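Note that this is a predicted model, so its numbers are computed, not measured. Sequence positions, counted from 1, serve as the residue numbers for this chain. First listed ligand is number 1; within each ligand, the first listed atom is number 1.
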Amino acid sequence: MNIDIIITADDIKEEKIKGKTVIVIDMLRATSVITTALNSGCKKVIPVLTVEKAKDIAKTIGENCILGGERNAIKIDGFDFSNSPLEYKKEIAKDKILIMTTTNGTKAINGCLKADNILIGALLNAKSVALKALDINKDIVLVNSGTAGQFSMDDYICAGYIISCILNLRECELTDIAKTSKYIYDTHKDIISFIRKASHFKRLKELGLEEDLKYCCQKDIIDIVPEYKEGAIV
Ligand code: MLT
């Protein structure tokens, strides 16, 4: 089994993901939100590219749905919730359909539709997503959402941790970029200290979102693996 990494949503190419299992990562914060909301009993998450589309879908579905997401890390006008995973507690998310649009994460998910399987990964569910990807038994591509088309340290070290979880279970062939992310993780196991220097970490900190940062940097506190199928993540 081979493991590769794509470093931003803008770098996704059909030939790199076709026939493979992709694990989409936006640990700060879209894939942490999706994992948390589903773990809180949310029925499904519909990831869309634009604010207009999200509002249209919400109108069509009606009462049972909530609108969540961000632009530039800030809650969108007219939306019910922001992109803070801490908002998606049971009392909010249970039995709801979350329509979600974010700057990078939902873009990366929608960019992967040509893959055979699309799993959603974060530090929060790293071990479980590693196990599920191995069960599927196809080559794996970790798709880092990145930040506005730029490489991001946070998604890269998260990929390194997921790779390390995979290699604990089975030997695999890694591309150089995958080897490097595992090396970064192996030499910086205290992830929050490493990503303090990341630009998106700094942006969220400036916005006063330290509790989100601490939450998203926890490893393996959730054991569900969200999967995108036919337009929704379940
Ligand atoms: C994104 O999808 O671009 C991010 O999750 C941004 C954020 O942290 O709000």
>> I need the contact type for Arg29 against ligand 1. Using non-hydrogen atoms and a strict under-4.0 Å cut-off, is it side chain, backbone, both or neither?
In response: both
> Any idea which part of His200 is under 4.0 Å from ligand 1, heavy-atom wise: side chain, backbone, both or neither?
Replying inline: side chain
>> Nearest non-hydrogen contact with atom 3 (O) of ligand 1 belongs to which option: Asn104, Ile34, Leu209, Thr31?
In response: Asn104
>> Taking 4.0 angstrom as the limit and counting only heavy atoms of Asp26, give me the atoms of ligand 1 inside it, by number and element.
In response: 1 (C), 2 (O), 3 (O), 4 (C), 5 (O)
> Among the heavy atoms of Ala73, does any lie under 4.0 Å from an atom of ligand 1?
Replying inline: yes
> Does the side chain of Asn137 come under 3.5 Å of the side chain of Arg170 through a donor N or O and an acceptor N or O?
Replying inline: yes
> Checking side-chain contact (heavy atoms from CB on, under 4.5 Å) against Met100, which of Thr106, Ile233, Ile109 comes through?
Replying inline: Thr106
>> Tell me which one of Tyr156, Tyr161, Phe194 satisfies ring pair (Phe, Tyr, Trp, His ring centres under 6.0 Å) with Tyr185.
In response: Tyr161
> For ligand 1, which atoms sit closer than 4.0 Å to a heavy atom of Ala30?
Replying inline: 2 (O), 5 (O)
> Asp212 and Ser84: side-chain donor and acceptor closer than 3.5 Å?
Replying inline: yes
> With atoms numbered from 1 as shown, which atoms in ligand 1 lie under 4.0 angstrom from a non-hydrogen atom of Gly105?
Replying inline: 1 (C), 2 (O), 3 (O)
>> How close do Leu28 and Asp155 get, counting heavy atoms only, and between which atoms?
In response: N-OD1, 4.5 Å
> When you measure from atom 5 (O) of ligand 1 to each heavy atom in Thr102, Asn83, Thr101, which option holds the nearest one?
Replying inline: Asn83
>> Checking the side chain of Glu70 only, and the main-chain atoms of Thr103 only, is there a donor and an acceptor separated by less than 3.5 Å?
In response: yes
